[in-house]
Amino acid sequence: MKEIFEHSTPLFEKPLTISQISFEKKSPVEQHMLLIGDAAGLIHPLCGNGMAMAIHSAKLACDSILNFENSMNTTRVEVERNYSKKWSKEFGFRMKVGRTLATILLNSRRSELLLRALIKSPFLLRSIIKMTHGKPITI
C-alpha cells in the first residue's frame, strides 16, 4: 500500500466524497408522483437499513394506490395525502433524528461530547438506535 500511495498519480485535484450529498427534508409526493426510497428523502446512513426503508415505502405507496382503486370516492389528492401522512408517520422522525445526529457528528467538539455520553450510557445509545431504526414491518 505504501508504494501505491507514494508512486501513484491522483486522478482528481481533491478527494471525492459523498459530503456534497444533501440529506435535507424532502416531500414524499412531488408533481403527483408518490416517491419511494431515496427519492422521497435521501436515507441517511445513520437511519438504519436504507434498502428496507425503500421497500417499506414502496409497500406504503402500493397500499395507498390499492385503497384508491378499491374505493369509488377516493381522489388522487387523497391518495397523495394518505401516502404523505403514512410516510411521515413511518419515517419522518427517524430521518429528523438522523439529520440531527449528522449535524452533531460534523462538529468535532459536539461529536466528542456525544461519544463520551454514549460510552457512559449504553441506555442512551440503545435509545438513539431505536429512534433511528424504527420498528420491523409486518406484512
Worked verdict on Leu114 versus Leu101 for side chain to side chain contact (heavy atoms under 4.5 Å, CB included): CA-CA 9 Å; Leu114 176 62; Leu101 275 174; 3.8 Å; yes

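- Criterion: ILVMFWY side-chain heavy atoms under 4.5 Å apart, direct or through other members. Under it, Leu118 and Val97 are part of a common hydrophobic cluster.
- A donor-acceptor pair shorter than 3.5 Å cannot be found between the side chains of Arg94 and His133.
- Counting heavy atoms of neighbouring residues, nucleotides and ligands inside a 6.0 Å radius, atom CD of Glu3 does not exceed 12 of them.
- In this structure, Ser121 contributes its side chain and Ala117 its backbone to no donor-acceptor pair below 3.5 Å.
- In terms of the salt bridge (charged side-chain N to carboxylate O under 4.0 Å, His left out) criterion, residue partners of Glu112 (sequence neighbours excluded) are, by chain and number, Arg116.
- Between the Glu78 side chain and the Thr75 main chain, a donor and an acceptor come within less than 3.5 Å of each other.
- With contacts defined as side-chain heavy-atom distances shorter than 4.5 Å, the pair Tyr83/Ile36 qualifies.
- Residue Leu60 holds its CG atom at 6.0 Å from CD of Glu90, rounded to the nearest 0.5 Å.
- The two residues Ser64 and Asn82 have their closest heavy-atom pair at OG-OD1, 3.3 Å.
- Taking Ala102 as the reference, His44, Leu46 meet the side chain to side chain contact (heavy atoms under 4.5 Å, CB included) condition, with sequence neighbours excluded.
- Both Phe93 and Leu125 are assigned to one and the same hydrophobic cluster, defined by single-linkage of ILVMFWY side chains at heavy-atom distances under 4.5 Å.
- Residues His56 and Trp87 have side chains not in contact (no heavy-atom distance under 4.5 Å, counting atoms from C-beta outward).
- Under the 4.5 Å side-chain criterion, counting only non-hydrogen atoms from C-beta, Val79 is not in contact with Val29.
- Residues Gly37 and Ser57 share a closest heavy-atom pair of N-OG, 2.8 Å.
- How far CG of Leu113 is from CG of Asn107: 8.5 Å, rounded to the nearest 0.5 Å.
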Run the side chain to side chain contact (heavy atoms under 4.5 Å, CB included) test on Lys96 and Phe91 for me, step by step, so that the C-alpha distance in whole Å, both residues' side-chain angles and the decisive distance to 0.1 Å come before the verdict. CA-CA 9 Å; Lys96 184 177 182 177; Phe91 304 116; over 6 Å; no

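- Every residue two or more places apart in sequence or in another chain that forms a side chain to side chain contact (heavy atoms under 4.5 Å, CB included) with Ser111 is listed here: Leu105, Leu115.
- Transitive grouping of hydrophobic side chains (ILVMFWY, heavy atoms separated by less than 4.5 Å) keeps Met53 and Leu35 in distinct clusters.
- Using modelled atom types, no side-chain atom of Ser27 and backbone atom of Glu30 make a donor-acceptor pair closer than 3.5 Å.
- You'll find the side chain of Lys59 stays beyond 4.5 Å of the side chain of Ile55, heavy atoms only.
- Connection of Ile129 to Ile104 is established within a shared hydrophobic cluster, with ILVMFWY side chains joined at heavy-atom distances below 4.5 Å, either directly or through further cluster members.
- Note that CD of Glu80 is 5.5 Å distant from NE2 of His32, once rounded to the nearest 0.5 Å.
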